[in-house]
Amino acid sequence: MSGHPGRKICLLVMATMSTAFIVPSPVPASAEIPDQVLEWNRHATNELIVTAGQAPPVAALHLAIVHGAIYDAVNAIDGDFEPYLVAPPAEPWYSEDAAAAAAAHEVLVWLLPGR
């Protein structure tokens, strides 16, 4: 694939997320999650699909928005790639886990304001 790296990641996220709709059951909170991206993917999937009951096309779009925000937040610290949408101000010593969590949380609050 050629083109913008953010688009590649978005396509990868969309392809990966399409498998999440096979069995929309919540992931147990006790499951071992190795990093904040996967943890917030679990939160987003549970909130959008299980709790809010969003249909697969809408949930996939919203999950892509969540992951786009995570990508831009972490990339602002790492700085290895072009931002997908925005380049928030960041210092190299900022926590990538905290940036991923904050970005995902803010987008989910925006997408589901009543939650």
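Note that the structure is predicted; figures quoted are calculated from it, not measured.
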For residues 89-112, which side-chain donor-acceptor pairs fall under 3.5 Å, sequence neighbours excluded?
residue : atom : partner : partner atom : Å
S95     : OG   : D97     : N            : 3.3
S95     : OG   : A98     : N            : 3.0

Report task. Can you spot which of V66, L63, T51 makes a side-chain contact (heavy atoms from CB on, under 4.5 Å) with T45? Result -> L63
Report task. Would you kindly confirm whether L48 and L61 end up in one hydrophobic cluster when ILVMFWY residues are joined by side chain heavy atoms under 4.5 Å apart? Result -> yes
Report task. Decide whether F81 and V86 are clustered together by the hydrophobic rule: side chain heavy atoms of Ile, Leu, Val, Met, Phe, Trp, Tyr closer than 4.5 Å, transitively. Result -> yes
Query raised in the report: Got a sec, which pairs hit salt bridge (charged side-chain N to carboxylate O under 4.0 Å, His left out) with one end in residues 47-76, sequence neighbours left out?
Result: E47-R115
Distance check, rounded to the nearest 0.5 Å: [X] atom [atom1] versus [Y] atom [atom2]?
{"X": "N75", "Y": "D78", "atom1": "CG", "atom2": "CG", "result": "6.5 Å"}
{"X": "I65", "Y": "Y84", "atom1": "CD1", "atom2": "OH", "result": "9.5 Å"}
{"X": "H67", "Y": "H62", "atom1": "NE2", "atom2": "NE2", "result": "13.5 Å"}

Query raised in the report: Mind checking what makes ring pair (Phe, Tyr, Trp, His ring centres under 6.0 Å) contact with H43, not counting sequence neighbours?
Result: W40
Query raised in the report: V74 versus I77: any side-chain heavy-atom pair under 4.5 Å?
Result: no
